[in-house]
Student: 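Here you go, one structure.
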Amino acid sequence: MENIPEMVRKAGLYCEIFPEVRSWDILGGTISGSSISIEKGFLKTSESSTEYSINIRLFGERGKTGSVNISKMNLPFIRSAIDRTVSLMKGSLPNPEFKFLSQPPSSYPPINTPYDSKVKDVSFDDTKEIIDQFIRLKSRDDRIVSVSGGFSYYDIQYILLNSNGINLENKESTVSLYAEVIMEEILKGKKENSNGYEGQSYIFFDKVNPEEIFNKALHKAQKGLKKSKIPTGYYPVVCAPPVVILLFNRTLSAALDAQTVYERRSFLSNQLGNQIASDNLEILDDPWLQEGLATSAWDMEGTATQPIKLVENGVLKSYLHNVYTANLFETVSTGHASRGLNSISVGISPSNLKILPGKNSLDSMIESIPQGVLIEASYDYPNIVTGEFSGLIASGYLIHDGEIKDALRESLIGINFSEFYNNITGIGKKIHRKGPHYVPYIKVDDVKVSAKE
Amino acid sequence: MQSEPNLDLPVDDAYHKQLQKLKKKYNIEYYNARFNIATSTIIHINKGKMKQNNNHYDYGCSIQTFVNGGYGFASSNEISLSEIERMFEKSVKLAQWSSSRAGKKFHMKSYDPLVVSYEQPQKRNLFDVSNEDKIFFLLQQDKAASTYDARIVNTNSYYMDNVSRTIISTSDNRIVDNIESHVRIRILTNSKEETNLQEGKKSMGISGGFEIIDKANNLGLEAAEEAIENLNAKPVKGGQYNIIADPYLSGTFIHEAFGHACEADGVLAGESQLAGRIGERMGNKTINVIDDPTMEGEYGFVKYDSEAMEARKVQLIKEGFLNGFMHNRETASKMDVEPTGNGRASSFSSIPVVRMRTTFIEPGDWSLEEMMEDLKNGILCVSWNYGYTEPSIGQFMFKMARAWEVQNGEKVQLLRDAALSGMMLDILNNISAVGKEKLLDDGTCGKANQHVPVSSGSPYIRINNVVIGGL
């Protein structure tokens, strides 16, 4: 098989022969790696895969478009697929909003995407120690009924080419480890269950810290066994990092996506320059962060990246743009084009997203609460259109007289984000990393908690 | 010269013989080789503008092997005899590594040899429909939605189809050549009145062909109507309520809250509250729950699963009692029962795991009017946005699309953005009425990060003491 960059370049040359194709881009690459799954405390499956992908977008007059995603790496097949895509494009509806693809900048910032070349050569022997620690986890507490999880490592190499002269290659490595511990105990004559989940992603294989993951998963399961209720009402809540990522980073990323804003599907449409949160909230998108999981000199359209303050002193400072939305807003791309290797559509997403530290310790935030809730996990999605959220507290604890007490049973939270962001009364001084997110604990007052009577 | 899309695979008898030879060479107990070619279309129109007009061609194969309690799995985008040999060896090495640290050892059962071809019927074959015709239909829906009312400020309309041919070849000489096709249309609308922003959503999915357009003609209008109606919706006040769930929400409820706990892989992994409880009462005697893959045309229709087993109907709850679990080859071997053909993989590059197909509650004998009258005060929950479950602790959550506040048996106020949560075993016991008429809905289930088409449904059901999250 020819190498992917070579094939992508040949595909690009082939696109050039069609006069009706005004512009084109191609993203091609390889994802190769392995994953291991753990079930009931033991190794179950080991997988190895190499996936190839070439994604071609063609644009004609008045923004007519056709695109194709191919996993069969054979040049005659790719050419034939391009032929069909030209026909698709000709039969397309126009899109006058499409103006042009990314232009190469005069220079890119001197940033290297952190990459561990060892990841592609990791053997299963190299993972023995981690797997054996996984297997030993079950014996650490008699109440454990199951340990499950996974460990995976992938090497990703890709090339991005467009008709304006963008010609970029990059390499990424990613290593992920997660564990879930399920426990059971008879308490006051009743069988209680709990689960504890913890996971982390890394760039470098040697940075994987299984002990930290396993300890946290175990500790969460242990803490979750003893449960109590809280009456339905409004309470101060302390959001742990995974919940801060959900209710701040992910919610704001989706609401600041300029396409969503343009289509008036965001509760933060027309809010640029307005106070959207308490003045102690500062959020920075930093694609230049050393060893960040989303660190890169260019985005997935080839636009140069730059650090951007999204929220400063609670004031909304910027939306997130790719080239398409920048044209809609008559501005320049902020370098937030995103695109999966197997995906045709170019979306918008942040890079390394940091909430800047505040002045509070976690202990002082908890101690200040006579009756409230510490939320450690929720798996729900906010409604970006209405700016509302109602979701299950998948893992949360009662706070009583300034102390963390039992786990909460069957409780949900309800949020109106405009009020929620303005009711921040504490931001932790310690920053916790989870993937490309860097966040503290955050305390918010007057949050609706609904519970079983 | 432009060639038409086809479903040609180079796999012939030489491949099956080669696989059997490799089985002997490595002395392994079980393998499952899958060869796939698939073509799909995605069209996205945003208020009359073309956002995406895409074809996707997928091609490749995978080999799963089983050695003494451990699995190995290798996948590739190449299909050739030499690649099969390379992948088989790799898969066996991985299985041996898994086996070295596997838990309880077990043997994988073998079944009678089978050679069969199946092509899912399409009344209007997708390969005979031009892309322009697909765009035209979607544009009509998009226009119907965007011109419905001046307060509709945005529409996003999606058409997705997929035709996939998979040849499965297993160690017990079961060879299934299976062509399946799915089509789904989804219309999203946004409405705005002053600062009030709302949305409406409608979708339809079938297994079959372009005949979907005969049923999906009103999707655009319905999605727009919903977005306009939602402008009058108020947030739900959080608390505990007696509710009536409509057939679509009840279908999601039975899929999320109960169905996942009946998947035998989770039962064996210690991740289901239902382990060891076959024969126990789960709810009152009017409750019957079925997972039925045989309903042709439904999005969750399956003829053969990804392990070359016939997909069979499973009665999960019979007259209120837990009656059975859904199985793939592994769980059937471990629990010494017949496989039910629930081993599904989302693509050739994923491992088959136990998945639902078309899951529903059988009808009872209440009319909706009787239920409303009997409810008096509570909430009528309508349709769903998403849902999930934690079978290990029996907790589930799903988000309803909207709801009505009910007072004295009458709908009085439209409500929005409500989440509904509960404990699986409590909730089934709290079903106090089951309606007469069952409706099914299409959806995508994302267990193990593998998205597969499913259907779910139910009649209207009434549930007492449900916690609703709201503002």
Side-chain angles (χ1 to χ4, degrees), chain A residues 39-52 65-73 80-81 83-84 88 91-93 95 97 124 131 135 145-146 148 182 193-195 232 263-265 267 344-345 379-381 383 385-386 388 390-392 410 412-414 416 448 450-453, chain B residues 2-3 45 48-60 70-77 90 94 97-98 101-103 131-132 135 139 153-154 190 192 197-199 235 238-240 269-271 349 351 386 388 390 392-393 397 399 416-419 421-423 467-471:
Chain A
E39 181 182 288
K40 238 181 168 176
F42 293 97
L43 180 50
K44 183 176 181 186
T45 300
S46 308
E47 292 181 50
S48 169
S49 65
T50 302
E51 285 183 29
Y52 305 99
T65 185
S67 56
V68 64
N69 176 292
I70 308 159
S71 62
K72 187 175 180 176
M73 294 299 111
S80 161
D83 293 341
R84 287 197 291 273
L88 269 191
S92 158
L93 299 173
N95 179 4
E97 285 176 354
F124 281 109
I131 302 307
I135 292 168
V145 292
S146 180
S148 60
I182 297 169
N193 301 81
S194 69
N195 59 357
T232 295
E263 292 179 12
R264 289 184 276 188
R265 289 189 289 121
F267 69 97
I344 272 293
S345 58
Y379 305 125
D380 289 280
Y381 311 111
N383 185 333
V385 177
T386 61
E388 290 165 358
S390 59
L392 179 69
E410 282 187 77
L412 298 106
I413 51 168
N416 173 307
K448 179 72 181 273
S450 307
K452 187 106 177 165
E453 286 163 14
Chain B
Q2 185 179 329
S3 59
I45 297 174
K49 303 177 295 283
M50 182 62 86
K51 284 305 208 38
Q52 196 175 346
N53 182 22
N54 182 54
N55 279 346
H56 181 111
Y57 303 107
D58 213 3
Y59 185 83
Y71 286 105
F73 184 84
S75 66
S76 166
N77 291 121
K90 193 170 192 178
L94 294 169
W97 154 249
S98 297
R101 280 158 173 78
N131 211 62
E132 284 82 355
I135 291 171
L139 183 61
V153 292
N154 191 52
N190 296 98
K192 186 172 189 280
L197 288 172
Q198 295 300 326
E199 59 186 345
Q240 185 173 301
E271 292 167 1
S349 57
I351 292 177
Y386 66 87
Y388 61 84
E390 295 179 284
S392 59
I393 53 175
M397 204 298 302
K399 199 69 176 282
R416 66 171 193 257
D417 278 317
S421 171
M423 302 301 286
V467 184
I468 304 279
L471 299 176

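Worth saying up front: this structure is predicted, and the values here are computed from it rather than measured. Chain naming here is simple, since letters A, B, ... match the order of the sequence lines and numbering starts at 1 in each. Side chains are part of it too, since the values below use all heavy atoms of this structure and drop only hydrogens, waters and symmetry mates.
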Student: Would you compute the distance between atom CD of Glu390(B) and atom CG of Asn195(A) and round it to the nearest 0.5 angstrom?
Tutor: 5.0 Å
Student: Given heavy-atom pairs under 4.5 angstrom as the criterion, report whether the side chain, backbone, both or neither of Gln240(B) touches chain A.
Tutor: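 Both parts, heavy atoms under 4.5 Å.
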Student: Would you kindly say whether Asn190(B) and Glu263(A) are connected by a side-chain donor-acceptor distance under 3.5 Å?
Tutor: no
Student: Contact part of Leu88(A) toward chain B, heavy-atom cut-off under 4.5 Å: side chain, backbone, both or neither?
Tutor: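 Both backbone and side chain.
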Student: Go through the atoms of Leu392(A) and report whether side chain, backbone, both or neither lie under 4.5 Å from a heavy atom of chain B.
Tutor: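 Contact with chain B is through both the backbone and side chain of Leu392(A).
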Student: For Ser98(B) and Ser46(A), does a side-chain donor sit closer than 3.5 Å to a side-chain acceptor?
Tutor: yes
Student: Relative to chain B, which of Gly41(A), Ser49(A), Ser67(A) shows the most heavy atom pairs under 4.5 Å?
Tutor: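 Maximum pair count with chain B is reached by Ser67(A).
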Student: Which of the residues Ser146(A), Ser390(A), Ser148(A), Ala451(A) is involved in the greatest number of heavy-atom pairs with chain B at under 4.5 angstrom?
Tutor: Ser390(A)
Student: Between Ala418(B) and chain A, with a heavy-atom cut-off of 4.5 Å, which part of the residue counts as in contact: side chain, backbone, both or neither?
Tutor: backbone
Student: Which pair of heavy atoms, one from Ser450(A) and one from Gly469(B), lies closest together, and at what distance?
Tutor: OG-CA, 4.1 Å
Student: For Gly48(B) versus Leu93(A), what's the shortest heavy-atom pair and its separation?
Tutor: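 Shortest heavy-atom separation between Gly48(B) and Leu93(A) comes out as O-CD1, 3.9 Å.
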Student: The test is side-chain hydrogen bond (donor to acceptor under 3.5 Å, both in side chains); show your working for Thr65(A) and Asn53(B) and say whether it passes.
Tutor: CA-CA 6 Å; Thr65(A) 185; Asn53(B) 182 22; over 6 Å; no
Student: Less than 4.5 Å to any heavy atom of chain A: does that hold for the side chain of Asn55(B), its backbone, both, or neither?
Tutor: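 For Asn55(B), the contact with chain A is made by backbone and side chain together.
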Student: Which one, Thr50(A), Ile70(A), Ile344(A), leads in non-hydrogen pairs under 4.5 Å with chain B?
Tutor: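 Top option by heavy-atom pairs under 4.5 Å: Ile344(A).
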Student: Go through Ser349(B), Gly72(B), Gly270(B) and name the one with the most non-hydrogen pairs under 4.5 angstrom from chain A.
Tutor: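 Most heavy-atom pairs under 4.5 Å with chain A: Gly270(B).
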Student: Which atom pair, heavy atoms only, marks the closest approach of Asn54(B) to Asn69(A)?
Tutor: OD1-N, 3.9 Å
Student: Between Tyr71(B) and Lys44(A), is a side-chain contact (heavy atoms from CB on, under 4.5 Å) present by the stated rule, with each step listed?
Tutor: CA-CA 6 Å; Tyr71(B) 286 105; Lys44(A) 183 176 181 186; 3.8 Å; yes
Student: Going by ring pair (Phe, Tyr, Trp, His ring centres under 6.0 Å), name the residues that satisfy it together with Phe73(B), two or more places apart in sequence or in a different chain.
Tutor: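 Testing Phe73(B) for ring pair (Phe, Tyr, Trp, His ring centres under 6.0 Å), a comparison that skips the adjacent residues, returns none.
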Student: Given the options Asn193(A), Thr45(A), Leu43(A), Leu412(A), which has more heavy-atom pairs under 4.5 Å with chain B than any of the others?
Tutor: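 The candidate making the most pairs under 4.5 Å is Leu43(A).
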Student: Which heavy atom in Lys40(A) sits nearest to a heavy atom in Ala269(B), and how many Å separate them?
Tutor: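 Shortest heavy-atom separation between Lys40(A) and Ala269(B) comes out as CG-O, 3.5 Å.
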Student: Which bit of Ile468(B) is near chain A, if near means a heavy-atom gap under 4.5 Å: side chain, backbone, both or neither?
Tutor: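 The answer is the backbone of Ile468(B).
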Student: Which heavy-atom pair separates Arg264(A) from Leu197(B) by the least distance, and what is that distance?
Tutor: O-CD2, 3.4 Å
Student: So do the side chains of Tyr381(A) and Lys399(B) get within less than 4.5 Å of each other, counting heavy atoms only?
Tutor: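 SC-SC contact between Tyr381(A) and Lys399(B) ruled out.
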Student: I'd like to verify something: which residue of Gly60(B), Ala74(B), Ala102(B), Pro235(B) has the highest number of heavy-atom pairs under 4.5 Å with chain A?
Tutor: Ala102(B)
Student: If you count heavy-atom pairs under 4.5 Å between each of Val385(A), Thr232(A), Ile131(A) and chain B, which one has the most?
Tutor: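 Option with the top pair count is Val385(A).
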Student: Quick one: what part of Glu39(A) sits under 4.5 Å from any heavy atom of chain B, side chain, backbone, both or neither?
Tutor: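 Side chain only.
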Student: Return the option, out of Gly391(A), Ser92(A), Gly66(A), Ser194(A), with the maximum number of heavy-atom pairs under 4.5 Å with chain B.
Tutor: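 Answer, by heavy-atom pair count under 4.5 Å with chain B: Ser92(A).
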Student: Test Lys452(A) against Met423(B) for side-chain contact (heavy atoms from CB on, under 4.5 Å), laying out the working first.
Tutor: CA-CA 11 Å; Lys452(A) 187 106 177 165; Met423(B) 302 301 286; over 6 Å; no
Student: Quick one: closest heavy-atom pair of Gln52(B) and Ser345(A), and the distance?
Tutor: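 Heavy atoms of Gln52(B) and Ser345(A) come nearest at OE1-CB, 3.8 Å.
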Student: What part of Ser76(B) gets within 4.5 angstrom of chain A, counting heavy atoms only: side chain, backbone, both, or neither?
Tutor: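 The backbone, not the side chain.
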Student: Tell me, for Ile135(B) versus chain A, whether the close heavy atoms (under 4.5 Å) come from the side chain, the backbone, both or neither.
Tutor: side chain
Student: Could you measure the distance from the CD1 atom of Ile351(B) to the CD atom of Glu47(A)? Nearest 0.5 Å is fine.
Tutor: 3.5 Å
Student: Report the C-alpha distance between Glu51(A) and Asn77(B) in whole Å, list the side-chain angles of each, state the deciding distance to 0.1 Å, and finish with yes or no for side-chain contact (heavy atoms from CB on, under 4.5 Å).
Tutor: CA-CA 6 Å; Glu51(A) 285 183 29; Asn77(B) 291 121; 4.1 Å; yes
Student: Please lay out, stage by stage, how Arg84(A) and Tyr57(B) fare under the test side-chain contact (heavy atoms from CB on, under 4.5 Å).
Tutor: CA-CA 12 Å; Arg84(A) 287 197 291 273; Tyr57(B) 303 107; 2.7 Å; yes
Student: Suppose we screen for side chain to side chain donor-acceptor pair (under 3.5 Å). Which residues come up paired with Asn416(A), at least two apart in sequence or across chains?
Tutor: none
Student: Donor-acceptor check, side chain of Asn95(A) to backbone of Lys51(B), threshold 3.5 angstrom: yes or no?
Tutor: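 No, the answer is negative, given that no donor and acceptor are paired below the 3.5 Å cut-off.
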